[in-house]
Structure formats: structure tokens, C-alpha cells
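Note that this is a predicted model, so its numbers are computed, not measured.
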Amino acid sequence: MMDPDSGAKPPEGGASAVPRGEGKSSRRRKAKRNGKRRDAAPVTNSEAVDSAASAGRPNGQEPNPSARKRKRRRAKSAGAQQPVQGANAAPAAQQIPVRAEGGQQPHSAKSSSSRNRRKKNRGGRGLQGRPLTPAKAAPGVAKAPAPAGSGQVSSKDARGRAGAESLGAELRGEKFSYVNDLYAALDLGTNNCRLLIAQPTRPGQFRVVDAFSRIVRLGEGLGTSRRLSQDAMDRAVEALRICATKLANRPIRRMRLIATEACRAAENGEEFLARVIAETGLELEIIDRETEARLAVSGCSSLVGREARSVVLFDIGGGSSEIAVIRIDDSRSSRLANHITHWTSLPVGVVTLSERHGGRDVTPEVFNAMVTEVEGMLADFDCPPLAAFRRQGAEDFHLIGTSGTVTTLAGVHLDLPRYDRRKVDGLWLSDAEVSAMQAKLLSWDFAGRAANPCIGPDRADLVLAGCAILEAIRRRWPSQRMRVADRGLREGLLTDMMADDGVWRRVRPRRQAGSPGAGGQDEAGARR
């Protein structure tokens, strides 16, 4: 086919024929739209550029000198070897310029289709609105850290920062969400050594990551000698070594380790704590009785119903028993401990009371003697009656018990084959049910109590002393119902630390699917 303008036949494989009457600028625009500009492929040979430029021109026309210079400059800057379009040109799929190292193309080698894709993907987002996959770094090249505030933080790196920022906070450029932080609370009591490691979840709640509980009987013989025995201290130190290992293996943001009545009352309590530091590295804090009462209330705050106007909360320990009277008005505080009006700490617990009266063979007479002793201590507690603060006919008053005594009663009441905290914590018991359980335990001998799966041999000689303390409290503050709490000082410590850090006041990002922290408080049956 002849060119209508020059009568020359266009070269094979060169520019295609154009319709009659089409000017030079029109042909260039059409070639640009079709992605077939002759200067699209970068070359380095200037003669090849000239021949390619003249291949699609009519005979007798000289190329523009300025256009030739521009093409030469582009060829030098491209630096890549490409075959020119001609008779032996490669297929279009093989003529795509190779990306330079780092994923960047030369400017002159970018096709119109690439420019169209760039416009659609502006902002780094695909057609479906999903972020585009970033280009992988060359093998053996270390990835440069993203500049501060750029938001280019990988989710793997973010999740690997234990106790630091959450992924959502880092992507927003904000500092801190506490979503991955761990808190620890240890309570060394007269009878038990207990540890909780937890992570905050929903407001006012947390998820237990690890727990430990062991009966050490640190206060054994304390009532008569006023000193901690060598065997008791050895048992406690051995349990604390386990706690120290658990704490060392986790990134704990904040912890509080406390000791209660046994170390408070013992003449060698400070010496024992110095030994604990030397052998385990744990530094325990001896708290006073008022702090102990407030912590017990903080740990059980979620068990106080909205309809309650007054509550008596008691914690029957191994060497002491804390009692707090709570009155709640219309302006209820987020911290239940702020509503304590009166409190007391009785210098008697399940260990000290059973040692004075005997815990193995408890007759009804021995039981009544224990109740009478505790009633005498409560008589010295100056607290006005709660009847004046109760509405007529309304169930706005109840007891809350947090101790091994009340959880044992609940387990026996439910006739559990083995103790299950999930079924016990938060259980309501009527006044008649509590009386029936106490009578049942009193009718069993030591072997019968030890055989019960919710009591066991370690508590068989202590449970009736706890029932005697409970009976004295029930006589002082009669109530139609009592709520059981399998929680106490450790939960109070965790709640206070998390509240002080403001973990529940901040706006925290939504958890990713499958991540831990789905539930509230959860503990594997650790009891006093």
C-alpha cells in the first residue's frame, strides 16, 4: 500500500498507515493514545533513534533538530538497552521496561497504562479500597525504619512490642493504649501465697493471664510464739520462688506485692522479708489493716448490685478478718471503696482461731465457743445500725463474703465433684441455705470434711473456724441473702493499679479477631 502523500511504502513493522488528510500532530496524538510512541523504549544509540524517528516520516522530510536533541538526552538518562521497534520487534508483552532496583521505573519508560493505574491507586489504595501490598526489599538489604509519624509500621513489629502501644494507636501516630500491658499482684497471707498476672480488657475488668496459689501456712504457731517458724518460712520462700519465676518470664508493666497479718504481727516479720529479697529478689510491702479492707472492697466492687443501698463486705483471712460497711447514695462513685463509712479488722482468722480451739474435732460446744469469741470482738466495733438506711420492703441490703470459707460453703451447696470458680464466684446464697451448709459441715468429722472435693485435707481443720466467724457476722448484720466472691486482695490491687493508670478512661482500639482478652476476670480456682 502506498502512502498518499509521498508515494513511498512504509517500512514493515514500522508506523502503521494513517487515513488520508490526517496531519502530523494528529498522528502523534493517536499514537500516544495507543501507547505506541516511537520514543517509549529507552535506547542508548543515537543513530538508532534517528532511524526509528525517520521510519514513520514521509520521504523528503527532515527531522526537527531540537526534537532529535531531546530524544538523545532521554536516551542518555534512561541507561537501559531496549531493541527498537521494527521488523524484528519483540511482542508487546516483552517490551515492558524492567523496573530499576527499589521498584522505580525510569520516567521516560512509563506507559500510558501505568499512568492510568497510578491515578486510580493514588493514596496507596487499590480498587476495592484495600491498602496495596508494599514492594519487598531486595534480598540482603536491611529495611530502613519508617520515619516518625509516617504511619508505616508493620503489624508484626507492633504486636511484638509487649507492654507498649497497640497497632491501632501506632497507625494513628498516638502513644499508648495499654491493650498489651500486663499487671501483677501478689498476696502473701497467713495461710496462702497467691499471685495474679492480668491484662486490662473492658472498662472495670481484666483477663487473667497467669495465676498461682499455694497453701503455705506462714502463720502456723504465730498465736503462741509471736514468731514465724522456720518450716513456715521455708514453705513461703519456696512458693515465692515460683512467683518470682513467673514474674521474670513476662513483661510486667506494673506490680504490687503485699504481705498481710502474719508479717504484721510476727516479731521476725521484717527479718523474713529481708530473706525473701535475698533468695527470690521480690520486695514485699506490709500493708496496714485499713488498706487491706479497702483492697478487699475494690476487688469485689463488680458484685454489688445496682439496687443495693448498703452492703457489709467481709474477708475472713488466716490471721485477721476485715469488715467494711458500705453505704451507697444516688451519686455512686466508680470506686466502691470511696463509699466505705466504717471498717474494722478483727485480730482473728481461720488459722489463729482453729489453733486456739482445735480444728480437727469440733463439737457443737466448741463451735459455739468460737462464735462467742468473735461476737465479743464485734461488740467493740462502733457502727450504727443499717436499718435506718434501708427502704421498707426493698432488697437493698446484702452481705458479700470473700474468703475460702464462703467459697467452700458454696461448693458444698452446689455439690460440685471438684471446685469450679466459674460456678461459685458471684453465687447468691439465702440465709437458710447458709445455715444448712454450716450444719452439714458441723455434722461431718475430720475425715468426712477432708474427703469432700471442695474442702480437701488442707482445709479440713480450718473450715469450721471460718464458719464460726461467718456466723458471728451474720448475727451482727442479719440479711436475707449473701453473695459469694472468689476474689479479694489481688483483684483489688489489680483494679487499683489499672484505674490509677487510666487504662479504662482512654479510647482503646477495637481488638483484632482472634486476639486474647475476650473475657472479663478469669482465674483458675485460686482461693484463700
Side-chain angles (χ1 to χ4, degrees), residues 289-317 320-329 332-333 335-350 353 370-371 373-410 424-435 437-438 466-489 491-492 495 528:
R289 291 175 176 174
E290 180 180 2
T291 302
E292 188 171 354
R294 292 182 65 87
L295 289 174
V297 172
S298 296
C300 301
S301 59
S302 62
L303 296 181
V304 177
R306 285 291 176 182
E307 75 284 355
R309 311 296 294 179
S310 55
V311 174
V312 172
L313 185 144
F314 57 90
D315 181 5
I316 303 174
S320 66
S321 299
E322 280 65 44
I323 302 173
V325 178
I326 304 167
R327 292 174 182 160
I328 306 171
D329 52 17
R332 179 168 178 169
S333 172
R335 293 195 180 188
L336 188 64
N338 294 338
H339 294 282
I340 298 176
T341 59
H342 297 77
W343 70 273
T344 186
S345 180
L346 307 180
V348 63
V350 295
L353 194 61
M370 289 191 287
V371 175
E373 180 180 345
V374 180
E375 283 184 314
M377 296 178 183
L378 284 175
D380 298 332
F381 178 35
D382 184 15
C383 176
L386 298 177
F389 300 92
R390 299 174 59 180
R391 294 194 295 265
Q392 186 70 24
E395 294 184 354
D396 54 2
F397 170 74
H398 64 85
L399 301 175
I400 295 181
T402 166
S403 66
T405 298
V406 294
T407 55
T408 297
L409 286 174
V424 169
D425 186 47
L427 179 70
W428 288 99
L429 292 176
S430 66
D431 185 64
E433 290 171 338
V434 175
S435 299
M437 290 305 101
Q438 289 186 166
C467 289
I469 299 174
L470 172 59
E471 180 63 23
I473 295 173
R474 294 172 62 218
R475 292 180 183 180
R476 174 68 187 269
W477 292 282
S479 175
Q480 293 300 313
R481 55 182 184 154
M482 179 182 74
R483 197 164 198 187
V484 179
D486 190 351
R487 58 186 74 185
L489 301 185
E491 288 81 3
T495 301
R528 189 185 307 279

For [X] against [Y], the heavy-atom pair lying closest together:
X	Y	answer
Asp486	Glu491	O-OE2, 4.2 Å
Ala468	Leu353	CB-CD2, 4.3 Å
Gln438	Leu470	OE1-CD2, 3.5 Å
Ala337	Arg294	O-NH1, 3.4 Å
Cys383	Arg476	O-NH2, 3.5 Å
Ala308	Val304	CB-CG1, 3.9 Å

Taking the side chain as every heavy atom from C-beta outward, state whether [X] and [Y] have any pair of such atoms under 4.5 Å apart.
X	Y	value
Trp343	Glu292	no
Ser321	Phe314	no
Cys467	Met370	no
Asp315	Leu489	yes

State the [atom1]-[atom2] distance between [X] and [Y], to the nearest 0.5 angstrom.
X	Y	atom1	atom2	result
Thr291	Glu322	OG1	CD	10.5 Å
Glu375	Asp380	CD	CG	12.5 Å
Leu313	His398	CG	NE2	9.5 Å
Met482	Ile473	CE	CD1	9.5 Å
Leu399	Gln480	CG	CD	10.5 Å
Leu346	Ser320	CG	OG	8.5 Å

Donor-acceptor under 3.5 Å (Arg474 side chain, Asp431 main chain):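 The answer is yes, because a donor-acceptor pair under 3.5 Å joins these two groups.
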Look only at the side chain of Thr344 and the backbone of Ile323, and say whether a donor-acceptor pair between them is shorter than 3.5 Å. no
Considering only NZ, NE, NH1 and NH2 on the basic side and carboxylate oxygens on the acidic side, decide whether Glu471 and Arg475 come within less than 4.0 Å.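 Judged by the 4.0 Å cut-off on N to carboxylate O distance, Glu471 and Arg475 do form a salt bridge.
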side-chain contact (heavy atoms from CB on, under 4.5 Å) with Thr341: which residues, sequence neighbours excluded? Val325, Arg327
With sequence neighbours left out, write down each residue that passes side-chain contact (heavy atoms from CB on, under 4.5 Å) with Ala485, or none if nothing qualifies. Cys300, Leu303, Ile400, Thr402, Asp425, Arg487
Begin from the C-alpha positions of Ile340 and Val297 and carry the test side-chain contact (heavy atoms from CB on, under 4.5 Å) through to its verdict. CA-CA 9 Å; Ile340 298 176; Val297 172; 3.7 Å; yes
